[in-house]
Amino acid sequence: MHTLHSRRTFLLQTPVSLGMLALALRNPHLMAESATTIPPSALLEPATIGAQLEKSSQLHWKILQVGFHSMFDQKHIRGAIYAGPASQPDGLALLRRVASAFPQSTPILLYCGCCPWTHCPNIAPAWDQLQSMHFTAVKVLRIENNFGADWVANGYPVA
Amino acid sequence: MHLRAYRGKVVLLNFWASWCGPCLTEMPRFIAWQNRYRAQGLQILGVSMDDSVTTSLGSMRRLKVNYPILMSDPQLSLLYGGILGLPVSFLIDRRGFLSQRFEGDASSSRMEQQILQLLGQRYEPQGA
């Protein structure tokens with residue numbers, strides 16, 4: 001662990017709502033496209049995929065993790081490929097590179113789980129990216145709370 | 001840095017990242033609590049899960065964070081049972097024992113209540 005710095009400053013006397021709005025305008029992550037824009041027909045629940053993975057070591061899906069390295073390094077869905085955080089330009093570029101190795105008809109399952117579903121900054125940009133690349137069989141794992149609570153804690157396969 | 005250095009204080013250990021919207025939403029609250037309860041013995045520590053120090057520094061400056069921020073690594077995350085989703089905070093009492101784990105959009109009033117409860121507990125250092 002590295003200490004960055006320890007500073008003592010005081011909050012500006014600004015109403016919280018205005019402060020948060022200003023913060024959001026300056027921070028793209030708070031203005032990120034919401035996961036709720038993904039069509040419900042494209043969503044799959046962890047229980048569905050978890051059960052399939054428990055029965056079979058190989059799924060027909062290419063599973064792409066579009067979250068952060070610090071999460072992927074700790075644990076990820078067995079067989080998943082790291083494809084970068086799609087909320088960031090580098091992450092989106094990595095997703096394009098990873099996906100371009102597959103035919104457009106490849107069944108792809110996207111997941112992130114870094115944050116509660118409605119706050120996830122990565123999943124909607126990743127979905128949009130694959131749509132723009134004309135992939136025809138993309139599904140998204142709907143992780144309500146986070147990967148630890150909704151996947152790992154349920155005992156679904158991880159690596 | 002060791003948590004031992006904060007023995008005698010109530011510690012709120014908050015795992016966060018710049019890409020985590022709910023984390024950035026709750027950090028101004030932590031800044032306010034650090035100011036309000038410092039004299040009573042509250043110490044907030046942030047642990048960044050960002051991939052780069054530069055990204056964390058940007059968020060810290062924007063928010064005017066008034067407590068120390070550390071960079072996480074996989075071993076540290078494992079020590080706390082794996083940090084596989086954010087935000088996550090741990091409340092540690094004056095003796096250094098884990099008291100509560102708060103995950104996701106935790107209720108701020110419940111968190112503050114727990115902090116106040118621990119701040120109100122007497123602490124007698126060993127050997128005193």
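Sequence lines set the chain letters: A, B, ... in the order given, protein chains first and strands last, and positions in each chain run from 1. In this text, all values refer to a predicted model and were calculated from it rather than measured experimentally.
Legend: ring-ring contact (aromatic ring centres under 6.0 Å, His included) pairs involving residues 87-119 of chain B, not counting sequence neighbours, sorted by first then second residue: F15(B)-F90(B), Y80(B)-F90(B).
Residue L98(B) is not grouped with residue Y123(B) when hydrophobic side chains (ILVMFWY) are merged at heavy-atom distances under 4.5 angstrom, including chains of intermediate members. Residue I49(A) is not grouped with residue V138(A) when hydrophobic side chains (ILVMFWY) are merged at heavy-atom distances under 4.5 angstrom, including chains of intermediate members. Y6(B) and L13(B) end up in the same hydrophobic cluster when Ile, Leu, Val, Met, Phe, Trp and Tyr side chains are linked at under 4.5 Å. Hydrophobic clustering (side-chain heavy atoms under 4.5 Å, transitive across Ile, Leu, Val, Met, Phe, Trp, Tyr) keeps I123(A) apart from W61(A). A chain of hydrophobic side-chain contacts below 4.5 Å, direct or via other Ile, Leu, Val, Met, Phe, Trp or Tyr residues, connects M71(B) to V65(B).
Of residues 146-159 of chain A, those residues lying under 4.5 Å from chain B by any heavy-atom pair are N146(A), F147(A), G148(A), A149(A), V152(A). Chain B is approached within less than 4.5 Å, heavy atom to heavy atom, by H69(A), S70(A), M71(A), Q74(A), K75(A) from residues 69-76 of chain A, ordered by number. The stretch residues 93-114 of chain A places G113(A), C114(A) near chain B, each with some heavy atom under 4.5 Å from a heavy atom of that chain.
Your options are S77(B), G82(B), G46(B), G81(B), and the one with the most heavy-atom pairs under 4.5 Å with chain A is S77(B). Counting heavy-atom pairs under 4.5 Å between each of V88(B), L78(B), D50(B), L86(B) and chain A puts L86(B) at the top.
The 12-atom threshold is not exceeded at NZ of K62(A), counting heavy atoms of other residues, nucleotides or ligands nearer than 6.0 Å.
Here the side chains of Q88(A) and W19(B) are in contact, with some heavy-atom distance below 4.5 Å.
For a residue to count as touching a neighbouring chain, one of its non-hydrogen atoms must lie under 4.5 Å from one of that chain's; by this rule Q75(B) does not touch chain A.
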